[in-house]
Amino acid sequence: MEMSTGRERGFVERLQRHLKDSMAHRDVDVTAGWRLPYSSVRHAYSNSAPVAPKDKGYETDLLLADWIGDVSSGVVIRPSDAIDGQHWRPLVVVECKYGGVNTHDLITYSQKAAAHRTLHPYLRYGLVVGGYQGSIPGRMLAHGAEFDFLAVVPATAEEEHFRKLAALLAQEVSFARTLWNATKNGTLGDGVQVIHRPLVTNWPVS
């Protein structure tokens, strides 16, 4: 178990380094181990405003988020460096496993995705399994209803697949930003009359 955990941690660190480099020009921060809230408990109200709501959060393997400046000063910051008064928004969560994934893991991650979306309905969520030879196993589909993307990365071609994954996540960032605007403004824009989610089974062109 410790070996598997160590290999998994190493995989997350390598993926994070690659994504930081590839996402920097997109104004996206890539943070490991960020505890993202999934609920906000209210113990009291002052008129209609909650008094000191208490957040509960789950740790995420990798969080891709916007760098958003201080509203008053315009200073660009990262989510990992945020302080009071500075603003950022989570866009994509990437959960990671190494060597394989079991049914319990899939159910747990899928439940985490659903929970996180109660506070962040625009959030994109996916699972990447490193060190895995072969195609995506059927159980990832059977128990991955809450995932927006699933991917396996063979150890023999890790860097190549990291580049492919970076291209996929760039699309997910764009989708999340569009959904964020829609949830904030109440519309996707004038003239939008259909939303269609296709099933894509090949890597995007990087």
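Numbers here simply count residues along the sequence, with the first being 1. Just so you know, these numbers come straight off a predicted model, no measurement behind them.
Summarising the geometry, atom OH belonging to Tyr109 is positioned 4.5 Å from atom NZ belonging to Lys97; distances are rounded to the nearest 0.5 Å. Between Phe11 atom CZ and Glu158 atom CD the span is 5.5 Å, to the nearest 0.5 Å. One finds the CD1 atom of Ile195 at 7.5 Å from the CG atom of Leu179 (value rounded to the nearest 0.5 Å). From His143, atom NE2 reaches atom OG1 of Thr103 across 4.0 Å, with rounding to the nearest 0.5 Å. One distance of note links CG of Leu127 with CG of Asp148; it measures 12.0 Å at 0.5 Å rounding. The distance from atom CZ of Phe175 to atom CZ of Phe149, rounded to the nearest 0.5 Å, is 11.0 Å.
Both Met23 and Val128 sit in one connected hydrophobic cluster of ILVMFWY residues. Membership requires side-chain heavy atoms under 4.5 Å apart, directly or through other members. Cluster annotation: Ile107 and Leu141 are assigned to distinct hydrophobic clusters (Ile/Leu/Val/Met/Phe/Trp/Tyr, side-chain heavy-atom contacts under 4.5 Å, transitive). In this structure, Leu119 is not a member of the same hydrophobic cluster as Leu123, with clusters built from ILVMFWY side-chain heavy atoms closer than 4.5 Å.
Closest of all the heavy-atom pairs between Thr156 and Gln133 is OG1-OE1, 3.6 Å. Looking at every heavy atom in both residues, Cys96 comes nearest to Asp61 through N-OD2, 2.7 Å. Heavy-atom minimum distance, Tyr132 versus Gly99: CD1-O, 3.9 Å. Listed here is the closest heavy atom pair of Glu59 and Lys112: O-NZ, 2.8 Å. Minimum heavy-atom separation, Ala182 to Leu188: CB-CD2, 3.5 Å. Residues Leu165 and Ala151 approach most closely at CD1-CB, 4.3 Å, considering heavy atoms.
Proximity of a side-chain donor or acceptor of Asp55 to a complementary backbone N or O of Pro37 within less than 3.5 Å is not detected. Using a distance-only test at 3.5 Å, with no hydrogens or angles considered, a donor-acceptor pair links the side chain of Thr60 to the main chain of Trp34. A donor-acceptor distance shorter than 3.5 angstrom exists from the side chain of Arg117 to the backbone of Glu146, with no hydrogens or angles considered. Judged by distance alone, the side chain of Ser22 and the main-chain N or O of His18 form a donor-acceptor pair under 3.5 Å. Side chain of Ser174 to main chain of Ala170: no donor-acceptor pair is present (N/O by atom type, distance under 3.5 Å, no hydrogens or angles). Checked by atom type and distance alone, the side chain of Arg124 never pairs as donor or acceptor with a backbone atom of Val173 at under 3.5 Å.
For the residue pair Glu95 / Tyr125, a side-chain donor-acceptor distance below 3.5 Å is found, with atom types taken as modelled.
Looking at Phe147 and Leu106, their side chains come closer than 4.5 Å, going by heavy atoms from C-beta outward. A heavy-atom distance below 4.5 Å is found between the side chains of His120 and Tyr122. Two residues are said to be in side-chain contact when any heavy atoms from C-beta on lie closer than 4.5 Å; Asp105 and Thr108 fail this criterion. Side-chain atoms of His161 and Trp203, non-hydrogen and from C-beta on, do get closer than 4.5 Å to each other. Here the side chains of Val12 and Tyr98 are not in contact, with every heavy-atom distance at 4.5 Å or above.
Taking the charged nitrogens against the carboxylate oxygens, Arg177 and Asp27 have no contact shorter than 4.0 Å, which rules out a salt bridge. For the pair Arg9 and Glu13, the salt-bridge criterion is not met [side-chain N within less than 4.0 Å of a carboxylate O].
Tested against Val30, the residues Leu63, Val92, Leu64 include a single side-chain contact (heavy atoms from CB on, under 4.5 Å) partner, Leu64.
Contacts of Tyr58 classified as ring pair (Phe, Tyr, Trp, His ring centres under 6.0 Å), with partners at least two apart in sequence or in another chain: Tyr38, His116.
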*Kindly determine whether Glu172 and Val94 satisfy side chain to side chain contact (heavy atoms under 4.5 Å, CB included), including the steps that lead there.*
CA-CA 11 Å; Glu172 292 296 329; Val94 184; over 6 Å; no
